[in-house]
There are 2 protein chains.
Amino acid sequence: MFSKTTEYALRATIFIAQKSSETNKLGIEEISNAIDSPKSFTAKILQALTKNNNVVSSVRGPNGGFFITEKAKKLPVRAILKAMGEEDVLDKCVLGLKQCSEMQPCPMHAQYKPIKKQLKELFGTKTIQQLAADIKDGVVFINNKK
Amino acid sequence: MFSKTTEYALRATIFIAQKSSETNKLGIEEISNAIDSPKSFTAKILQALTKNNNVVSSVRGPNGGFFITEKAKKLPVRAILKAMGEEDVLDKCVLGLKQCSEMQPCPMHAQYKPIKKQLKELFGTKTIQQLAADIKDGVVFINNKK
DNA sequence: AATATTAAAGACAAAATTATCTTTAAATAT
DNA sequence: ATATTTAAAGATAATTTTGTCTTTAATATT
């Protein structure tokens with residue numbers, strides 16, 4: 001469904017939201033270990049997330065690292081997709097048609113429509129905070145070790 | 001959602017199902033023009049679809065080309081994904097976790113579950129034939145020209 | 001049998017994605 | 001001030017995906 005890049009972005013952001021605070025920032029080492037992603041590559045992704053949309057925040061230097069503000073925690077998961085430039089996945093035609101609409105629907109359009117609606121609803125309303133809370137409650141996991 | 005390869009595979013198969021018959025086969029030129037895909041690349045894809053799963057049939061030589069049998073028309077759309085080795089898209093964890101299950105769910109798991117179910121239902125029950133029929137009825141389109 | 005037409009097969013190439021490594025800049029602590 | 005720690009920035013590389021081109025094989029027509 002998503003690119004590796006976006007998968008890492010989602011996992012990293014959720015992990016940071018769960019573990020970090022303005023006074024307890026997380027280093028790239030800890031993050032990439034936790035979510036099982038390549039370190040340098042993840043650094044790039046976090047860089048993008050801090051630049052675009054301010055989904056993630058960072059400070060350099062000792063005791064520096066990544067964290068996520070209370071405000072950002074209230075963003076919908078979709079904000080992560082947006083920051084990664086992959087928001088269009090939720091809107092794209094299943095068959096990859098450039099023109100696919102009510103007026104000129106592809107053969108899957110009508111059937112896929114309600115599914116797309118739910119996908120957009122899910123990513124548009126579920127917040128980063130909510131996902132992080134579920135991890136804290138232990139009902140849900142984010143680690144990726146076999 | 002899907003790779004270009006699979007998008008082309010879906011469009012090509014549906015187009016062939018609509019236009020071809022055992023006595024009226026379609027050339028790669030006509031197919032790739034109709035669905036707006038790179039010709040040689042599409043040829044490879046059709047090759048794969050004829051080899052794997054026999055979703056598409058072909059014969060070489062004059063009046064040869066691609067067609068799809070009545071039997072194959074009754075296959076679910078999922079068979080195309082399977083032939084392209086991209087069936088797992090319908091099962092994958094949204095966050096890309098290797099381990100994501102009821103026992104050890106990712107933070108999106110519970111919410112994504114009903115959506116995944118509908119996706120699998122759609123691709124598992126909708127047949128190639130049904131999609132092709134909708135095009136013939138003119139209620140739906142497959143061309144990709146701007 | 002020879003020729004023409006078509007897909008199959010294979011080699012190659014371009015582009016995008018994924019990943020790594022090195023250098024630089026910012027912030028803190030000493 | 002200096003040294004240390006951390007992310008930012010940039011250069012480079014590996015891999016995968018996407019795409020092209022050439023040769024071969026099968027089938028039909030003449």
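Naming convention: chains lettered A, B, ... in sequence-line order (proteins, then strands); numbering from 1 in each chain. Not measured: the values here are computed from a predicted model.
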Sugar-phosphate, base or nothing in reach of A:Leu26, heavy atoms under 4.0 Å: sugar-phosphate
Short N-O contact, A:Glu30 and A:Lys19, less than 4.0 angstrom: no
Below 4.0 Å: OP1/OP2 of C:dA7 and any side-chain N or O of B:Lys25: no
Partner residues of B:Asp91 under the side chain to side chain donor-acceptor pair (under 3.5 Å) criterion, sequence neighbours left out: B:Lys120
Under 4.0 Å protein heavy-atom contacts per nucleotide of nucleotides 21-30 of chain D, with B for base, S for backbone only and - for none: B---BBBSS-
Below 4.0 Å: OP1/OP2 of D:dT18 and any side-chain N or O of B:Thr5: yes
Integer-rounded Å distance: C:dA7 C1' and B:Leu49 CG: 14 Å
Nearest-Å distance for atom pair NZ/P, residues A:Lys4 and C:dT18: 8 Å
Residue met sooner reading DNA chain C from 5', once B:Gly27 and A:Ser3 are mapped to nucleotides: B:Gly27
Side-chain N,O (B:Ser58) to OP1/OP2 (C:dT6) below 4.0 Å: no
Residue-phosphate contact under 4.0 Å: B:Thr50 side-chain N/O, C:dA8 OP1/OP2: yes
Distance, rounded to the nearest Å, where A:Ile28 contributes CD1 and D:dA9 contributes P: 14 Å
Rounded distance (Å) that lies between atom C1' of C:dT17 and atom CD1 of A:Ile45: 11 Å
Whole-Å gap separating P (D:dA7) and NZ (A:Lys39): 9 Å
Distance in angstrom units between B:Tyr8 OH and D:dT20 C1', rounded: 13 Å
Nucleotide D:dA8, atom P - distance to CG of A:Asn52 in whole Å: 12 Å
Extract all donor-acceptor atom pairs below 3.5 Å that involve side chains of residues 66-82 of chain A and protein atoms in other chains or at least two apart in sequence.
from, atom 1, to, atom 2, distance (Å)
A:Thr69, OG1, A:Ala72, N, 3.0
A:Glu70, OE2, A:Lys73, NZ, 3.2
A:Arg78, NE, A:Glu87, OE2, 2.8

Between A:His109 and A:Glu102, a side-chain donor and acceptor under 3.5 Å: yes
Pairs involving residues 37-55 of chain B, ordered by first then second residue, that meet side-chain hydrogen bond (donor to acceptor under 3.5 Å, both in side chains) (sequence neighbours left out): B:Glu29-B:Lys39, B:Ser37-B:Thr42
List, one per line, each side-chain donor-acceptor pair under 3.5 Å for residues 3-13 of chain A, sequence neighbours excluded.
from, atom 1, to, atom 2, distance (Å)
A:Ser3, OG, A:Thr6, N, 3.2
A:Ser3, OG, A:Thr6, OG1, 3.4
A:Ser3, OG, A:Glu86, OE1, 2.7
A:Thr6, OG1, A:Glu86, OE1, 2.3
A:Glu7, OE2, B:Lys92, NZ, 2.6
A:Arg11, NE, A:Ile35, O, 3.2
A:Arg11, NH1, B:Leu95, O, 2.7
A:Arg11, NH2, A:Ile35, O, 2.8
A:Arg11, NH2, A:Asp36, O, 3.4
A:Thr13, OG1, A:Ala9, O, 2.7

Spacing of B:Gln47 atom CD relative to C:dG10 atom C1', expressed in whole Å: 9 Å
Partners meeting side-chain contact (heavy atoms from CB on, under 4.5 Å) with B:Glu121 (sequence neighbours left out): B:Thr125
